[in-house]
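Beneath this line is the structure, given in structure tokens, with notes to follow.
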Amino acid sequence: DGNYKVKLSDGRVLDGKTVVIASGCKARGLGLAGESELVGAGVSYCATCDGNFFRGRTVAVTGYGERAREAAEYLVKIAAKVYLITQDDIEVDGTEKIEGRVTALSGHPLRAVEVACGEKKTELETSGLFISAGYVPVTHYAEGLAELDERGFARTDESMRTSVPGIFAAGDVRDTPLRQVITAAGDGARAAMAAYGYLHG
């Protein structure tokens with residue numbers, strides 16, 4: 001009927017004629033013991049955000065696809081040494097490629113990572129581990145409502161409108177190539193103005 005209800009985890013229900021979905025996304029981690037405790041103490045999910053904290057030091061990148069390649073290419077310009085730990089067919093000049101996967105983390109702050117390749121395990125000393133395994137959007141509550149892409153990110157036009165009139169999406173929850181605070185804030189401004197225009201014709 002042109003009205004939306006949003007139920008919150010505390011049981012409250014909010015009513016509105018428009019909704020702006022801005023619930024962001026979560027970096028896909030490795031699921032290792034101590035990983036969450038090391039975020040900010042050696043573990044990062046964003047090379048361009050945190051790379052300069054490791055300038056002139058040894059770091060490792062693990063992941064797959066273009067995200068891992070881009071992280072390694074960025075870090076090789078500022079770090080003393082970059083390990084590229086992957087099972088993908090990725091090559092980045094200036095890195096030392098290690099075939100395998102990270103299976104354990106040591107130290108707090110991070111001191112070393114364990115890498116497994118088949119039955120063989122190797123410990124690599126590193127100050128930083130950059131995990132480039134993609135992102136998971138927080139859109140589970142919008143499934144079956146607004147159109148999402150195959151990964152679950154909201155599809156929008158340039159005014160942040162989704163496929164459903166009155167529902168907008170902004171920030172990292174969108175299907176967008178850049179996930180930064182500054183771009184999310186810009187999305188939010190456009191979504192707010194589009195919602196205002198929708199309400200006022």
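Bear in mind that the values here come from a model prediction, so they are computed numbers and not experimental data.
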Judged by atom type as modelled, is there a donor-acceptor pair below 3.5 Å linking the side chain of Asp187 to the main-chain atoms of Gly171? yes
Is it true that Arg111 and Glu123 make a salt bridge, defined as a side-chain N closer than 4.0 Å to a carboxylate O? yes
If only atom types and distance count, is the side chain of Thr126 paired as donor or acceptor with the main-chain N or O of Thr58 below 3.5 Å? yes
Does Ser132 use its side chain to pair, donor to acceptor, with the backbone of Ala71 at less than 3.5 Å? no
For Thr176, is there any backbone N or O sitting under 3.5 Å from a side-chain donor or acceptor partner on Arg179? yes
Can you check whether Phe153's main-chain N or O pairs, donor with acceptor, with Thr139's side chain at less than 3.5 Å? no
Any salt bridge between Asp175 and Arg151, counting N to O under 4.0 Å? yes
State whether the side chain of Ser44 and the backbone N or O of Phe130 hold a donor-acceptor pair below 3.5 Å, judged by distance alone. no
For Gly29, does its backbone N or O pair with a side-chain atom of Glu35 as donor and acceptor, under 3.5 Å? no
Quick check against the 3.5 Å criterion: does Ser159 have a side-chain atom that pairs as donor or acceptor with the backbone of Arg161? no
Donor-acceptor pair, Tyr64 side chain versus Thr86 backbone, under 3.5 Å? no
Taking salt bridge (charged side-chain N to carboxylate O under 4.0 Å, His left out) as the test, write out the residues that go with Glu99, two or more places apart. Lys97
Under 3.5 Å donor-acceptor, Thr156 side chain and Ala169 backbone: no
